[in-house]
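Below is one structure, written out as structure tokens; comments come after it.
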Amino acid sequence: MSVIEDAIREFVEIVARVTGADASKVAQEVTFSNREEFGDLSVALPSLGVKNVQALPESLQGKKFVRLVKKEKVYYNAYLDEKEIFESLFQNLSEFYGITKVDNPKYIIVEHTSANPIHPLHIGHMRNAILGDIISRMLSCRGHKVERRFYVNDAGRQVAILTYGYIKLNKPDPPVGVKADSWLGFIYSVTNVVLEIRKIKGELNSADESRRAELIKRLDELVAAAATLESRDRETFYRLVDAINSDPDPEKSIADIVRKYESGTDKEIVSTVRKLVDMALKGFQESLDKLGVKFDGFDYESDLLWRGEVKKVIEEMMSSPYRITYKDTLALEVNVQDERVRDALEIPKGLELPPLVIMRSDGTSLYTTRDVAYTLYKFSRGAEVVINVIAEQQSVPQMQLRAALYLLGHKREAENLFHYSYAMVSLQGSKMSGRLGKYVSLDEVYELVKASVEQKINEKGGNREVIPEVTSGAIRYAIASVSANKQLNFNVKTVTDFEQNSGPYLQYTYARAYNILDKANEEPSVSEADPNYIKGDWRNLLILIAKFPVVMKKACDELRPEDLVAYLREVADVFNKVYNYERVLQEPDRGKRFTKLLIVKGVERVLHNGLSVLGITPLKRM
RNA sequence: GGGCCCGUAGCUUAGCCAGGACAGAGUGCCGGCCUUCGGAGCCGGUGGUCGGGGGUUCGAAUCCCCCCGGGCCCGCCA
């Protein structure tokens, strides 16, 4: 129990006693005061059902941390005793201050990023990776056993398209000096665009007037994408186009690759696909390393297929009473009606959940079905909770997944599977498309931000060694500070702007605090500190520091990085303000100096531990 | 057309789920500090019909209804 929580409990006791309201209800309604003049803790009395607000009797005083409770309008506001807070807080400030473990830690698997291994990671994946990494850090900060896993979607149609193009090029090695995922992305895009153009041209003859217009518009888009791709590498582009166009039935060739890979019987196909996929994954890890994102394991879809786990799920579906015929094929009716079940599975009331098609007509599997098998696999590893960090576009398939699990009798798994959804990242007007090869890659973004950091550090004659940490800090902050469900309109300026609202600002502030302590040459003691000096901004800082454990707990439990970011920034703001007009080391009075040093120590710990949870490196020098 | 998400200062955004005190920041713009224990800083000013309209309530940015705008989904893709 932290100091601030003790203080809150005292206030709750007082309010509960005087109003007769239930203590747990009061605890729910108590907030940190939103303005200095209203004290430190507040509770709106009407929210407790108290109509006639009474002034507090004198006898209510005498608590340790609550010095005074005042009635103001319809509020009771508590004023905390900064001397008691200060003493209790700094008596034994732990290195791990603010990190509170839950009583019942769980085994939680966080699946994130899981990008198709067919093109380099782009800024959408960057959001996914950083959010996934941060929520993993948050959960493990709370003491949970967290495993981060990357689902390798190597069995789908898209990998088959890439493989097809690669084979058509006679399986070349990537050119020297080119990152493999980027090179594969080019092959994939060209192949896909050519295939789509072919398909549309074929459809065009038999289309009616309105459909024709639609197709032509789509065709224009494809041709434009093709032109852009052509300009990247004419020679490869045309070799690929010619090779594909000489194939009488490319769609069949691709379907063959899917089938052969799934069955695992064709050694040639298996080794080719695996080679390409692993090349892409290597590129991903290289990109993610720069942002400090690591995985505990990569799970290949194909392994689930080859081990028979997907087959088992399909059998369960085939013998399920919910099996239906849908669009001339077998499907699972997943549109559960029971309101309570829908609630538990977070399926919106108004949504008609479409049936889940069990497999393709040629017997090969589909993504969501494979995902059922994968989810069961994750739980079979011992996970009690599974969190999938996946774009909002996939919310319907994620619901189908939960519903399918539930209907197949995997109730516990269905109810403990969560979709951590995030909105799309758009790119200054234009829309990204992995399929058309239109994207800004994570690597490109990283380089842009890095160039900006480098320039800034050169200007200031700063520490060039920390360029990577500052770059990663800037990017992480930009992602972490926006709620996941908000669309992110990415512009480079936002991330390369290192003003007060940025990762580098926090890192810089940390360095300031750290260096004061580093240069102090003395160990301040609480008993010799001057408690009368805790006022004004020093007091504000102290109270902010005291709040840290509560803020951290809440942000981590609710998986809201943006709350932690906002709090850390406030700490940094107040600290920088004091820093500007108050000397610490030059303070001649020993007692006052100790007070200041201890509070700076608190700021240092809060920023250090807070930034670490966000995966932003606290820097001693920058 | 149906469903889901979003709409808060010029721009980015917190507060909305669990309704309460003059809606809080950053950035931009205008003016000041002039290098300090690290200026990636500090101080002041400017800027808001909380998309619009109804309703519920003692009280609505927050809850309910309708409308408007943006995004996403509605494939035997993922």
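Because only heavy atoms are used, hydrogens play no part in the values below, and waters and symmetry mates are left out as well, while side chains stay in. Below, chain A is the first sequence line, B the second, and so on; all start at residue 1.
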Would you find more than 12 non-hydrogen atoms of other residues, nucleotides or ligands less than 6.0 Å from A/Q586 atom CD? yes
What's A/N153 touching, base or sugar-phosphate or nothing? Going by heavy atoms closer than 4.0 Å. sugar-phosphate
With a 4.0 Å cut-off on heavy atoms, is A/R370 in touch with a base, just the backbone sugar-phosphate, or nothing at all? sugar-phosphate
Surrounding CD of A/E465 (heavy atoms of other residues, nucleotides or ligands, distance under 6.0 Å), is the total greater than 12? no
In whole angstroms, the gap separating C1' of B/C17 from CD of A/Q28 amounts to 13 Å
With a 4.0 Å limit, can you tell me whether A/Q394 has a side-chain N or O closer than that to the phosphate oxygens OP1/OP2 of B/A78? no
When you measure from the centre of the six-membered ring of A/Y579, is the NZ or CZ of A/R512 under 6.0 Å away and within 45° of the axis? yes
Whole-Å distance, A/H419 NE2 to B/C73 P, equals 13 Å
Compute whether any side-chain donor of one residue and acceptor of the other, for A/Y510 and A/E604, lie under 3.5 angstrom apart. yes
So A/A511, base contact, sugar-phosphate only, or nothing? Heavy-atom distance under 4.0 Å. base
Pairing partner (Watson-Crick or G-U wobble, both distances under 3.5 angstrom) of B/A9: none
Mind checking if A/D371 touches a base, just sugar-phosphate, or nothing, with heavy atoms under 4.0 Å? nothing
Between C1' of B/A61 and CG of A/N34, the distance in whole Å: 14 Å
Value in whole Å for how far the P atom of B/G7 lies from CG of A/L488: 14 Å
For the side chain of A/E29, starting at C-beta, report the closest nucleotide among B/C58, B/A18, B/G38. B/A18
Which part of the nucleic acid, if any, lies within reach of A/N192 when heavy atoms closer than 4.0 Å are counted: base, sugar-phosphate only, or nothing? nothing
Return no unless some side-chain N or O of A/K620 is found under 4.0 Å from OP1 or OP2 of B/G38. no
Touch check for A/S395, heavy atoms < 4.0 angstrom, all strands: base, sugar-phosphate only, or nothing? nothing
For A/N77 and A/Q393, find the nucleotide of RNA chain B closest to each by heavy atoms; which residue's nucleotide sits nearer the 5' end? A/N77
Phosphate contact (B/C6 OP1 or OP2) by A/N485 side-chain N/O below 4.0 Å: yes
Integer angstrom distance from the P of B/G55 to that of B/C4: 25 Å
With rounding to the closest Å, how many angstrom separate the P atoms on B/C64 and B/G20? 15 Å
Under 3.5 Å, is there a donor on one side chain and an acceptor on the other for A/D256 and A/Y164? no
In Watson-Crick or G-U wobble terms, with both distances under 3.5 Å, the base opposite B/G41 is B/C33
Taking the P atom in each of B/U8 and B/G53, what is the distance between them to the nearest angstrom? 16 Å
Select base, sugar-phosphate, or nothing to describe what A/Q455 touches, counting heavy atoms under 4.0 Å on all strands. nothing
What is the pairing partner of B/C58, taking Watson-Crick or G-U wobble pairs with both distances under 3.5 Å in any strand? B/G20
Side-chain N or O of A/Q586 versus OP1/OP2 of B/C37: is the shortest distance under 4.0 Å? yes
Selected nucleotide, minimal atom distance to A/T329 side chain, candidates B/G41, B/A78, B/C76: B/C76
Would you classify A/E37 as touching base, sugar-phosphate or nothing, given that sugar-phosphate means primed atoms plus P, OP1 and OP2, and contacts are heavy atoms under 4.0 Å? base
Identify the nucleotide, in any strand shown, that forms a Watson-Crick or G-U wobble pair with B/C4, with both distances under 3.5 Å; if there is none, say none. B/G71
Side-chain atoms of A/E558 come closest, of B/G70, B/G41, B/A18, to B/A18
Send over the distance from A/E36 CD to B/G24 P, rounded to a whole Å. 15 Å
In whole angstrom, give the distance that lies between atom NZ of A/K349 and atom C1' of B/G3. 14 Å
Assess the side chains of A/Y151 and A/N388: does a donor N or O sit below 3.5 Å from an acceptor N or O? no
Looking at A/Y505, I'd like to know whether one of its side-chain N or O atoms comes within less than 4.0 Å of OP1 or OP2 on B/C42. yes
Short N-O contact, A/E221 and A/R218, less than 4.0 angstrom: yes
Can you tell me how far C1' in B/U57 sits from the matching atom in B/C63, rounded to whole Å? 10 Å
So A/V584, base contact, sugar-phosphate only, or nothing? Heavy-atom distance under 4.0 Å. base
Are there over 12 heavy-atom neighbours, none belonging to A/Y79, within less than 6.0 Å of that residue's OH? yes
Using 0.5 Å steps for rounding, measure from the CG atom of A/L607 to the OH atom of A/Y514. 14.0 Å
Short side-chain N/O contact from A/K486 to OP1 or OP2 of B/A14, under 4.0 Å: yes
Looking just at side-chain N and O atoms, do A/S42 and A/N77 make a donor-acceptor pair shorter than 3.5 Å? yes
Scan A/I358 against the nucleic acid and name what it touches under 4.0 Å (heavy atoms): base, sugar-phosphate only, or nothing. nothing
Would you mind checking if A/K601 and A/E523 are paired as a salt bridge, meaning a charged N to carboxylate O distance below 4.0 Å? no
Kindly state whether the pair A/Y75 / B/A21 counts as stacked, where counting means centroids closer than 5.5 Å and planes tilted less than 30° apart. yes
Give none if B/G28 has no partner; otherwise give the nucleotide forming a Watson-Crick or G-U wobble pair with it, both distances under 3.5 Å. B/U46
The side chain of A/L366 is closest to which nucleotide in this list: B/C72, B/C76, B/C37? B/C76
Centre of A/F498's six-membered ring, under 6.0 Å away, within 45 degrees of the axis: is that where NZ or CZ of A/K456 sits? no
How far does the P atom of B/G44 sit from the matching atom of B/C5, given to the nearest Å? 40 Å
With respect to the side chain of A/N576, which nucleotide from B/C43, B/G41, B/G71 is positioned closest? B/G41
Distance between P atoms of B/C16 and B/G10 (Å, rounded): 23 Å
Using a cut-off of strictly less than 4.0 Å, decide whether A/S483 has a side-chain nitrogen or oxygen near OP1 or OP2 of B/A14. yes
Could you check whether A/P354 gets within reach of a base, just the sugar-phosphate, or nothing at all, counting any heavy atom under 4.0 Å? nothing
How far does the P atom of B/G19 sit from the matching atom of B/A60, given to the nearest Å? 14 Å
Under 5.5 Å centre to centre and under 30° between planes: does that hold for A/Y579 and the six-membered base ring of B/G41? no
Among B/C37, B/A14, B/G38, which nucleotide has an atom closest to any side-chain atom of A/R621? B/G38
Ion pair present between A/K596 and A/E587, side-chain N to carboxylate O less than 4.0 angstrom? yes
Output the single nucleotide from B/C76, B/G20, B/A18 whose closest atom is nearest the side chain of A/S47. B/G20
Mind checking the C1' distance from B/C11 to B/C74? Whole angstroms is fine. 34 Å
Classify the nucleic acid contact of A/E582 as base, sugar-phosphate or nothing, counting any heavy atom under 4.0 Å across all strands shown. base
How does each nucleotide of nucleotides 26-35 of chain B score, in 5' to 3' order, for protein heavy atoms under 4.0 Å: base (B), sugar-phosphate only (S), or none (-)? SS--------
Out of B/C37, B/C58, B/G15, minimum distance to the side chain of A/D563 belongs to B/G15
Where each residue is assigned the nucleotide of RNA chain B containing its nearest heavy atom, which of A/T31 and A/K327 is assigned the position nearer the 5′ end? A/T31
For B/A14, the Watson-Crick or wobble partner whose two distances fall under 3.5 Å: none
